[in-house]
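Being a predicted model, the structure only gives us computed values, none of them experimental. Counting convention: from 1, in listed order, for ligands and their atoms alike. Quick note: residue numbers are just sequence positions, from 1.
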Amino acid sequence: MASLAPAALAEIQNERGNPHWTGHPGDAALDHIPGEDGWPLVGTTFMQLSDPLGFGNRMERTHGRIYRAKSFGRRGVTLIGPDANELVLFDRDKLFSSEQGWGPLLNLLFPRGLMLMDHDSHRLDRRALSIAFKPGPMRAYAGQLDADIARGVEAWGQPGAAQTPIRFYNAIKALTLQTAATSFLGLPFGPEADKLNRAFVDMVQAAVAPIRRPLPFTAMGRGVAGRRFMVEYFTRLVRERRASPGQDMFSQFALATRDDGQLLAEDLVVDHMIFLMMAAHDTITSSATTLFWHLAQDQDWQERLRAECRAVAGGDARAIGYDDLGKLELTELAFKEALRIMPPVPSLPRRALRDFTFGGYRIPAGTTVGISPASVHADPALWPDPECFDPTRFTADKVAARHKYAWVPFGGGAHMCLGLHFATMQTRILVNHILTRYRITAEPGYAPRWQAWPIPKPRDGLRLTLQRIA
Ligand code: HEM
């Protein structure tokens, strides 16, 4: 694939390269849906990219909870609300394609990942890969993560200093990349892991680059070069891991079998692993950053979580074993609230495979249909005072009283996040090691600006202060 010309490569993202995709019905077929086309040529693309939440809020206020916009050259439809989330995610009638929703964004860099597959073939591969998330392997990752995170977090506080300023997002991102090398790939820290991380970061940035052709000196050009490097490296690694497996996730993928007992093909293992790293990395970084930002502002909740960690670990700066991580219940509530306030995947795209009707509107086959966890998570009718950080929203009684699809940071249905328990586990380990070593504060009045797209992050890296307590 990498040897194809840029124009041919770019077709992997559209119908010309994917004749099996359901063709767009044409913009006029969506005339009856309220909405806007934005500016000539670029449509609403840049408005959506620069401020997705603000754009969504304005569209919802102006046009209602079903509206059309025109991004990347075509009209599409957004459906807002928990019922819309349920329709699209649960997808009882197999109306929607995830491959054709995500493909235009991800096919060139992350082809054949689970989100780029549909229905039967998706089900078979997902079942094969699920083996990597069973309790045995999870226990091994927990041990590795605990050791790596303890070492990384310990080094954050400058030796002898009572206080250390930190760019929290950057520190968590670096730590998460390091832990991915060890727990996902079974590689030691070092220059090799650094090179892979660089290639990986280039790929992630390219996925949302406005120029979709891999021309020299563009983000997409760098992303495609990064992918080439990763594919070569991972192909060698599949062979090594099949010959002598370790306790890492890549070994699990390399040995995963379909229902008929056959190993997955080498190139498929490689694509699944590259996709998984993309799905895992920025999402964990973003959600952990949101959580610690709120804990820095809410010292009361910070202290409650610290006390919980101390009680479970038996003191400061100590490991919590896999079997005890589930006892960090307040930590879990706080993590859920952080995921509500700033879901790392703010909107999810699909493509309609057949005509359907929702909220009184007929939506034709081939339409790109988006839902917005970020909007639903901020709806005051579902979440009173939605901007306030309040983990008690997730006590069992309150969860039972709410629409099941009101909180969907991990999606739902057949494509629900495969790594949600991994993400929760890693966050618990982070909280334990960070809060039992440091008190975290923010300067009074500090209000960082957040970049909302593609995955939320503070533009300045989030300036916090660590005060050593252990
Ligand atoms: C807080 C962290 C995370 C969040 C918020 C998150 C969110 C999501 C969401 C919303 C989807 C569904 C997308 C859709 O339906 O279109 C998804 C899918 C997925 N996630 Fe996560 N994710 C997180 C962490 C992880 C981690 C740590 C891993 C792996 C270790 C992972 C692996 C995957 C995979 C493989 C899929 C595709 C599943 C499928 O299509 O069957 N994610 N994630």
Quiz question: by atom type and distance under 3.5 Å, do the side chains of [X] and [Y] form a donor-acceptor pair?
X	Y	result
Arg350	Gln100	no
Asn85	His403	no
Glu60	Ser375	no
Gln302	Asp298	no
Thr285	Asp282	no
Thr179	Asp148	no

Measuring centre to centre across the rings, with the benzene-like ring taken for any Trp, is [X] within less than 6.0 Å of [Y]?
X	Y	value
His421	Phe133	no
Trp293	Phe389	no
Phe250	Phe184	no
Phe356	Phe96	yes
Phe394	Trp383	yes

At what distance is the nearest protein heavy atom to [atom], and which residue and atom is it?
atom	value
atom 1 (C) of ligand 1	Ser287 OG, 3.3 Å
atom 28 (C) of ligand 1	Gly419 CA, 3.5 Å
atom 33 (C) of ligand 1	Ala279 CB, 3.6 Å
atom 8 (C) of ligand 1	Cys417 CB, 3.7 Å
atom 24 (C) of ligand 1	Thr283 OG1, 3.4 Å

Going by the 4.0 angstrom heavy-atom rule, the piece of Pro373 near ligand 1 is neither
Logged contact type for Val345 with ligand 1, heavy-atom cut-off 4.0 Å, is side chain
Ignoring hydrogens, just give me the one of [options] whose non-hydrogen atom is nearest [atom].
atom	options	value
atom 15 (O) of ligand 1	His122, Met416, Arg350	Arg350
atom 29 (C) of ligand 1	Leu276, Asp282, Asp91, Ile455	Leu276
atom 9 (C) of ligand 1	Phe410, Trp102, Phe184, Phe422	Phe410

If the cut-off is 4.0 Å to any non-hydrogen atom of [X], which atoms of ligand 1 fall inside it?
X	result
Gly411	10 (C)
Ala414	41 (O)
Arg126	38 (C), 39 (C), 41 (O)
Met115	13 (C), 18 (C), 40 (O)
Pro409	5 (C), 7 (C), 10 (C)
Ala280	25 (C), 26 (C), 27 (C), 28 (C), 29 (C), 30 (C)

So, regarding His415 and ligand 1 (criterion: nitrogen or oxygen to nitrogen or oxygen, under 3.5 Å), is there a contact or not?
yes
